**Q** 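Can you keep this structure in mind? I'll have questions shortly.
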Amino acid sequence: MQTLIEKYPRLRTHLMHNTPIKGQLSALPMLIMAIYLLTQIEWSWISLSVGTFLGVAYWTFFEYAMHRFLYHRIFKSKFSNELWQSFHMFHHRNIQEKSVLNANYLFLIPMALVNISILYIISLGKLNVLLFAVISLVISYMFYEWVHYSIHTNPFKNNYIQYISKYHLHHHHKTALKNFGNTSSFWDIVLGTYDANYKKIDLNSVEY
Ligand SMILES: [Zn+2]
Ligand SMILES: [Zn+2]
């Protein structure tokens, strides 16, 4: 089966990119807008703490759940599979193809609108909480894109990138049913999909 991005290569350039920068730049207006709106309304340290916690907790769970329950999903409809497998499953099958490592605006903006709408509901309509949640969500998202890029290009040797590279590459090369977290192991541990064997991955010999 050919995915949509293989049938229509120009579509790939609008959906994905080989660096995190396009997705991060697409998310930047949301960050600036949220900061600007916070200067126009009243907020407290409680709304800052609650909103920041909500944004980070929501993003880390979304990152995990999207990967575990949606990215790996097989649909009955041929078109749905051609569309959906253009994303993460194409990346799994073509780990050497760096042009699909990160999101571009055409993927990011609809996802952002869905997530901000869900955060609005979780924030119980409290605008100051929502704005702090959006700020921490966008920063968490930007970090996520940078981490996925770093794993597959391996430019940094710091302990965190070494740990998360082994973690994610174990998911790629050993079992796609474990270690769904892309920035941490937290939700894998909580929800029973953690596999500690990632520690055996040798970053000097594995394809990344
Ligand atoms: Zn990957
Ligand atoms: Zn995967």
Side-chain angles (χ1 to χ4, degrees), residues 5 9-39 48 51-67 70-71 84 86-92 94-120 122-123 129-165 167-169 171-172 180-187 208:
I5 60 166
R10 286 184 66 187
L11 185 62
R12 183 189 302 189
T13 61
H14 296 284
L15 284 168
M16 295 134 183
H17 197 54
N18 62 351
T19 73
I21 194 73
K22 294 275 180 85
Q24 289 169 337
L25 281 177
S26 305
L28 193 59
M30 293 170 224
L31 185 64
I32 293 169
M33 177 76 82
I35 293 169
Y36 170 74
L37 289 173
L38 275 169
T39 66
L48 182 152
T52 303
F53 173 77
L54 268 185
V56 173
Y58 177 81
W59 171 263
T60 57
F61 180 73
F62 173 80
E63 167 199 307
Y64 172 87
M66 177 86 175
H67 190 179
L70 289 178
Y71 272 151
W84 200 240
S86 295
F87 298 100
H88 189 67
M89 294 311 290
F90 180 85
H91 170 53
H92 264 269
N94 303 278
I95 196 168
Q96 75 292 346
E97 180 54 68
K98 306 303 182 196
S99 68
V100 300
L101 283 187
N102 295 105
N104 204 340
Y105 73 97
L106 195 55
F107 186 50
L108 173 84
I109 291 174
M111 297 298 289
L113 293 177
V114 168
N115 283 324
I116 290 172
S117 302
I118 295 171
L119 270 185
Y120 175 75
I122 297 172
S123 305
V129 173
L130 173 67
L131 292 173
F132 282 116
V134 168
I135 290 170
S136 60
L137 176 83
V138 171
I139 292 171
S140 300
Y141 162 74
M142 289 175 164
F143 179 67
Y144 161 88
E145 290 286 14
W146 176 77
V147 168
H148 195 234
Y149 170 79
S150 300
I151 289 169
H152 288 286
T153 55
N154 202 18
F156 301 105
K157 302 295 178 201
N158 71 59
N159 287 343
Y160 171 72
I161 291 297
Q162 298 291 300
Y163 141 71
I164 205 68
S165 293
Y167 198 75
H168 184 65
L169 293 172
H171 167 81
H172 269 286
F180 293 99
N182 195 89
T183 55
S184 84
S185 315
F186 180 78
W187 290 106
Y208 54 84

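Note that the coordinates shown come from a computational prediction; the quantities given were computed from them, not determined experimentally. When reading the values below, keep in mind they use all heavy atoms of this one structure, side chains included, and skip hydrogens, waters and symmetry mates.
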**Q** Between Lys98 and His152 (side chain of the first, backbone of the second, donor and acceptor by atom type, cut-off under 3.5 Å), is there such a pair?
**A**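 Judged by distance alone, yes, a pair lies under 3.5 Å.
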
**Q** For Asn158, look at atom CG and say whether over 12 heavy atoms of other residues, nucleotides or ligands are found less than 6.0 Å away.
**A**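 More than 12 within 6.0 Å, yes.
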
**Q** Working note: Trp59 + Tyr144, criterion ring-ring contact (aromatic ring centres under 6.0 Å, His included); need CA distance, chi angles, decisive distance, verdict.
**A** CA-CA 9 Å; Trp59 171 263; Tyr144 161 88; 5.2 Å; yes

**Q** Checking Asn18 against Leu101 for the side-chain contact (heavy atoms from CB on, under 4.5 Å) test, could you report, in this order, the C-alpha distance in whole Å, the side-chain angles of both residues, the deciding distance, and whether it holds?
**A** CA-CA 5 Å; Asn18 62 351; Leu101 283 187; 5.8 Å; no

**Q** Could you report the tightest heavy-atom contact between Ile164 and Ser184, atom names first, then the distance?
**A**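 Scanning both residues, the minimum pair turns out to be CD1-N, 3.7 Å.
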
**Q** Quick check for you: to the nearest 0.5 Å, what is the distance between Lys157 atom NZ and Ser150 atom OG?
**A**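 Result: 11.0 Å between the selected atoms.
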
**Q** Going by heavy atoms in the side chains, are Ile118 and Tyr58 under 4.5 Å from each other?
**A**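 A side-chain contact exists here, since the closest heavy-atom pair is under 4.5 Å.
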
**Q** Hey, which of Leu38, Leu130, Thr52 is the one that makes side chain to side chain contact (heavy atoms under 4.5 Å, CB included) with Ile135?
**A**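 Result for side chain to side chain contact (heavy atoms under 4.5 Å, CB included) with Ile135: Leu38.
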
**Q** Between Lys22, His17, His14, which is the residue that forms a side-chain hydrogen bond (donor to acceptor under 3.5 Å, both in side chains) with Tyr105?
**A**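 Checked Lys22, His17, His14 against Tyr105; only one passes side-chain hydrogen bond (donor to acceptor under 3.5 Å, both in side chains): His14.
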
**Q** Could you check whether atom CZ of Phe53 has more than 12 heavy atoms from other residues, nucleotides or ligands sitting under 6.0 Å from it?
**A**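 Counting neighbours around CZ of Phe53, 12 or fewer heavy atoms of other residues, nucleotides or ligands fall under 6.0 Å, so no.
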
**Q** Using 0.5 Å steps for rounding, measure from the CG atom of Leu15 to the OG atom of Ser99.
**A**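 Reported to 0.5 Å precision, the distance equals 11.0 Å.
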
**Q** Without swapping roles, check the side chain of Gln24 against the backbone of Glu145 for a donor-acceptor pair under 3.5 Å.
**A**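 A pair under 3.5 Å: no.
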
**Q** When you measure from the side chain of Asn104 to the backbone N and O of Thr13, does any donor-acceptor pair fall under 3.5 Å?
**A**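 Here the side-chain-to-backbone pair exists.
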
**Q** Measuring from atom CD1 of Ile116 to atom CG of Leu113, what distance do you get when rounded to the nearest 0.5 angstrom?
**A**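 The CD1 atom of Ile116 sits 6.5 Å away from the CG atom of Leu113.
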
**Q** Would you indicate whether the side-chain heavy atoms of Trp84 and Tyr71 approach each other to under 4.5 Å?
**A**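 Of all side-chain heavy-atom pairs linking Trp84 with Tyr71, at least one is under 4.5 Å.
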
**Q** So which atom in Ser136 and which in Gly55 form the shortest heavy-atom distance, rounded to 0.1 Å?
**A**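 Closest approach of Ser136 to Gly55, heavy atoms only: OG-CA, 3.1 Å.
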
**Q** Does the pair Thr183 and Tyr160 meet the rule for a side-chain contact (heavy atoms from CB on, under 4.5 Å), with working shown?
**A** CA-CA 9 Å; Thr183 55; Tyr160 171 72; 3.6 Å; yes

**Q** Going by atom types only, do His168 and His67 share a side-chain donor-acceptor pair under 3.5 Å?
**A**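 Short answer, no.
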
**Q** Give, for atom CH2 of Trp146 and atom CD1 of Ile151, the distance between the pair rounded to the nearest 0.5 Å.
**A**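 Trp146 CH2 to Ile151 CD1: 9.5 Å, rounded to 0.5 Å.
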
**Q** Taking side chain as C-beta onward, heavy atoms only, is Met33 less than 4.5 Å from Ile35?
**A**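 Side chain of Met33 against side chain of Ile35, heavy atoms only: no contact under 4.5 Å found.
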
**Q** If you look at every heavy atom in Ala133 and Leu54, which pair is closest and at what distance?
**A**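 In terms of heavy atoms, the two residues are closest at CB-CB, 4.3 Å.
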
**Q** So, Glu63 side chain and Asn182 main chain: donor-acceptor pair closer than 3.5 Å or not?
**A**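 Yes, the answer is positive, given that a donor and an acceptor are paired below the 3.5 Å cut-off.
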
**Q** Does Phe90, at its CZ atom, have more than 12 non-hydrogen atoms belonging to other residues, nucleotides or ligands within less than 6.0 Å?
**A**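 It does: Phe90 CZ has more than 12 such atoms within range.
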
**Q** Measure the OH-CZ distance between Tyr141 and Phe62 for me, rounded to the nearest 0.5 Å.
**A**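 Going from OH on Tyr141 over to CZ on Phe62, the span is 10.0 Å.
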
**Q** As an exercise, state the distance from CE of Met142 to CG of Leu137, rounded to the nearest 0.5 Å.
**A**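 Atom-to-atom, Met142:CE and Leu137:CG are 10.5 Å apart.
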
**Q** Do you know which two heavy atoms are closest between Leu108 and Ser26, and how far apart they sit?
**A**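 Nearest heavy atoms, Leu108 then Ser26: CD2-CB, 3.2 Å.
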
**Q** When you look at Trp187 and Thr60, which way does the side-chain contact (heavy atoms from CB on, under 4.5 Å) test go after all the steps?
**A** CA-CA 8 Å; Trp187 290 106; Thr60 57; 2.9 Å; yes

**Q** For Leu119 and Asn115, run side-chain contact (heavy atoms from CB on, under 4.5 Å): C-alpha distance rounded to whole Å, both residues' side-chain angles, the deciding distance at 0.1 Å, then the answer.
**A** CA-CA 6 Å; Leu119 270 185; Asn115 283 324; 5.8 Å; no

**Q** Tell me whether the centres of the aromatic rings in Phe107 and Phe87 are closer together than 6.0 Å.
**A**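 Judged by ring-centre distance (under 6.0 Å), Phe107 and Phe87 do meet the cut-off.
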
**Q** Would you kindly say whether Ser185 and Tyr163 are connected by a side-chain donor-acceptor distance under 3.5 Å?
**A**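 Judged by distance alone, the side chains do pair up.
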
